[in-house]
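One is the number of the first residue; the rest follow in order along the sequence.
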Amino acid sequence: MLQSHNNKQNEYEFICIEELVPEDHQLRKVEKYIDFSFILDIVRPFYCEDNGRPSIDPIVLFKMMLIGYLYGIRSERQLEKEIKVNVAYRWFLGLGLKDPVPHHSTISWNRRKRFKGTPVFQDVFDQIVLLAQSHRMVGGRALMTDSTHLKANANKRKFEKETVEVETRTYIEELDKAIEEDRKNHGKSPLKRKEEVSETKEIKVSTTDSESGYMYREGKPEGFFYLDHRTTDLKFNIITDVHVTAGNVHDSVPYLERLDRQRERFGFNVEAVALDSGYLTTPICKGLVDRNVFGVIGHRRFKSSKGLMPKWKYKYDKETDTYRCPNGEVLKYSTTDRDGYRHYKSNPESCSTCPLLSQCTKSKNHQKVITRHVWEDYKEQIRENRLSKSGKMLYKKRKETIERSFADGKELHGLRYCRLRGRENVQEQALMTATAQNIKKIANHLAKLG
């Protein structure tokens, strides 16, 4: 028999909100296994104890933000609307069916005023990592690091060209000492002190978000982006570090500093790391060896000039500090330049009659020159790690850990685009997204354990 239920929504029912939330709902697991009381201790210095109007409970405020990042709700205005009609969200926040939902402007005001320029979001992220560590979900022994681009909230066609100074690398003093020592060991006089002239370059600066960076990489989209540099732990793929830079900053620049930060903050005894080929630089290789860390870094073979033999065909002899070409001729040490590269040169008289000359060099004086960095030994050691059995297994885990973490963040938690403008605001988004991912992983794991 045909029936109509058009008037059902006008009936009054006596029901408990607890009964309306499914037993297997994700927020039930989060509420059961995550204690959010630590938030009060973090934000207490930013509230007045005995003056002013009563504030909204900071735990409710952060739980609202967490809902937005857990379910990829990109707008705070939309978040308020979703909480009004979603019973599970109300239950998680401790609100009844008729209780008013905090206004969306409350979130934005606290973010823009009360917490701006403070380490609140970093502290919340750190506490969740420490919670995972207490549940033995973080080993701190093997770490995976990579970066992903986040599209800035800026039009790529609206920019101005500016000339800026090139930042001096943090390792430059150490490199200068290594160059001086290398020249001394080879019987060369010290280089004359170079007059300090600031190096400049021309870059595109967005008129909408000046802190973003114009990125142009092969196989990547072009425009204004930020980079989310993220590290995950091998054990349960918990995110242990998040750091945002402009899109035109090289992956390798902040790496060692962020690695040291994790070791100090969480007490990690890092034994191995796996990185992609973008991190294969001599300073990073040296830094990993100096820290006694087993580094595995992907290799990107650079193509030689068309028609010339690749560099790997010239074998280096460490004992004699010489190179030997495919025809058996020796390339001897000549000098070490200011950039830290040793120059090895062949004998032009021998090369002029060599049958492989056309495949070796195009120089008019028939002399082959090969360069080798003073820290090249460290890079070769890292290459050997990658080719070892354990190195291959570790590098294979990258796609299952850090790549999966980025994929989940972009697909499920709204990390593909920047919600706000400015590096600090994007850092907040990246931290809260990683916090939501970690919380979900911790809750699901503990639920399985019962």
Side-chain angles (χ1 to χ4, degrees), residues 61-62 64-83 102-122 124-125 146-162 164 202-230 239 241-251 253-254 258 405-437:
L61 186 69
F62 272 86
M64 285 181 66
M65 297 175 67
L66 180 63
I67 289 173
Y69 286 102
L70 273 174
Y71 296 100
I73 304 172
R74 299 188 62 233
S75 164
E76 290 162 358
R77 192 183 298 268
Q78 184 63 32
L79 175 61
E80 179 190 350
K81 294 178 181 179
E82 293 290 338
I83 293 174
H103 198 266
H104 63 84
S105 63
T106 306
I107 300 176
S108 60
W109 186 92
N110 279 274
R111 178 173 44 74
R112 290 184 295 105
K113 300 291 185 179
R114 194 190 303 275
F115 302 139
K116 186 176 179 61
T118 69
V120 165
F121 297 102
Q122 182 69 60
V124 171
F125 171 80
D146 203 354
S147 70
T148 190
H149 57 277
L150 312 179
K151 189 179 185 307
N153 190 355
N155 191 326
K156 68 178 181 180
R157 295 180 180 85
K158 295 183 178 180
F159 62 87
E160 294 177 349
K161 290 188 177 181
E162 292 185 8
V164 298
E202 188 179 65
I203 62 171
K204 294 180 179 179
V205 178
S206 171
T207 55
T208 309
D209 184 358
S210 60
E211 295 184 12
S212 63
Y214 195 85
M215 188 178 77
Y216 177 75
R217 298 184 186 178
E218 188 178 351
K220 301 285 186 181
E222 180 181 353
F224 289 102
F225 289 86
Y226 285 93
L227 285 179
D228 178 8
H229 305 265
R230 178 179 289 193
I239 304 164
D241 188 65
V242 172
H243 182 65
V244 171
T245 65
N248 52 5
V249 175
H250 195 270
D251 292 350
V253 172
R258 301 309 298 180
S405 179
F406 279 136
D408 286 348
K410 290 189 173 186
E411 190 70 21
L412 305 176
H413 304 284
L415 191 62
R416 196 175 300 275
Y417 305 99
C418 297
R419 301 181 180 184
L420 304 167
R421 295 166 182 165
R423 197 205 70 83
E424 184 179 339
N425 291 327
V426 178
Q427 174 83 7
E428 173 203 320
Q429 179 185 351
L431 283 169
M432 289 301 294
T433 302
T435 300
Q437 290 182 254

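- Taking His149 as the reference, Phe225 meet the ring-ring contact (aromatic ring centres under 6.0 Å, His included) condition, with sequence neighbours excluded.
- Counting heavy atoms from C-beta outward, Ser405 and Ile239 have side chains that approach closer than 4.5 Å.
- The salt bridge (charged side-chain N to carboxylate O under 4.0 Å, His left out) search around Asp209 returns none, not counting sequence neighbours.
- For Thr245, the side chain to side chain donor-acceptor pair (under 3.5 Å) partners are His229, not counting sequence neighbours.
- Judged as a side-chain contact (heavy atoms from CB on, under 4.5 Å), and not counting sequence neighbours, the contacts of Ala436 are Leu66, Tyr69, Leu70.
- Annotation: Glu222, atom CD; neighbour count of heavy atoms from other residues, nucleotides and ligands within 6.0 Å is above 12.
- Not counting sequence neighbours, the partners of Glu411 by the side chain to side chain donor-acceptor pair (under 3.5 Å) test are Arg416.
- The side-chain contact (heavy atoms from CB on, under 4.5 Å) check on Thr148 picks up Leu150, Asp228, Phe406, Lys410, with sequence neighbours excluded.
- Lys156 is linked by a side chain to side chain donor-acceptor pair (under 3.5 Å) to nothing, counting only residues two or more places apart in sequence or in another chain.
- Under the side-chain contact (heavy atoms from CB on, under 4.5 Å) criterion, Phe159 pairs with Lys161, Lys204, Phe224, not counting sequence neighbours.
- Between Thr106 and Leu61, some side-chain heavy-atom pair lies under the 4.5 Å cut-off.
- Between Leu420 and Gln429, the shortest heavy-atom contact is N-OE1, 4.5 Å.
- In this view, Asn155 and Arg157, Lys158 satisfy the side-chain contact (heavy atoms from CB on, under 4.5 Å) rule, not counting sequence neighbours.
- Counting heavy atoms from C-beta outward, Tyr226 and Cys418 have side chains that approach closer than 4.5 Å.
- Annotation: side chain to side chain donor-acceptor pair (under 3.5 Å) contacts of Arg114 (sequence neighbours excluded): Asn110.
- Taken from CD in Glu428 to OG1 in Thr118, the straight-line distance is 9.5 Å, to the nearest 0.5 Å.
- Side-chain contact between Asp251 and Leu227 is present, with heavy atoms from C-beta onward closer than 4.5 Å.
- Heavy atoms only, all atoms of each residue included: Val249 and Val253 are closest at CG1-CB, 4.0 Å.
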For residues 71-79, which side-chain N or O atoms pair as donor and acceptor with protein atoms under 3.5 Å away, sequence neighbours left out?
{"unit_1": "Ser75", "atom_1": "OG", "unit_2": "Arg77", "atom_2": "N", "d": "3.2"}
{"unit_1": "Ser75", "atom_1": "OG", "unit_2": "Gln78", "atom_2": "N", "d": "3.2"}
{"unit_1": "Glu76", "atom_1": "OE1", "unit_2": "Arg111", "atom_2": "NH2", "d": "3.4"}
{"unit_1": "Glu76", "atom_1": "OE2", "unit_2": "Arg111", "atom_2": "NE", "d": "3.2"}
{"unit_1": "Glu76", "atom_1": "OE2", "unit_2": "Arg111", "atom_2": "NH2", "d": "3.1"}
{"unit_1": "Arg77", "atom_1": "NH1", "unit_2": "His104", "atom_2": "NE2", "d": "3.4"}
{"unit_1": "Gln78", "atom_1": "NE2", "unit_2": "Glu82", "atom_2": "OE2", "d": "2.9"}

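- Tyr214 is not listed as a side-chain neighbour of Ile203, based on a closest heavy-atom distance of 4.5 Å or more.
- Looking at heavy atoms from C-beta onward, Asn248 lies out of side-chain contact with Met215 at the 4.5 angstrom threshold.
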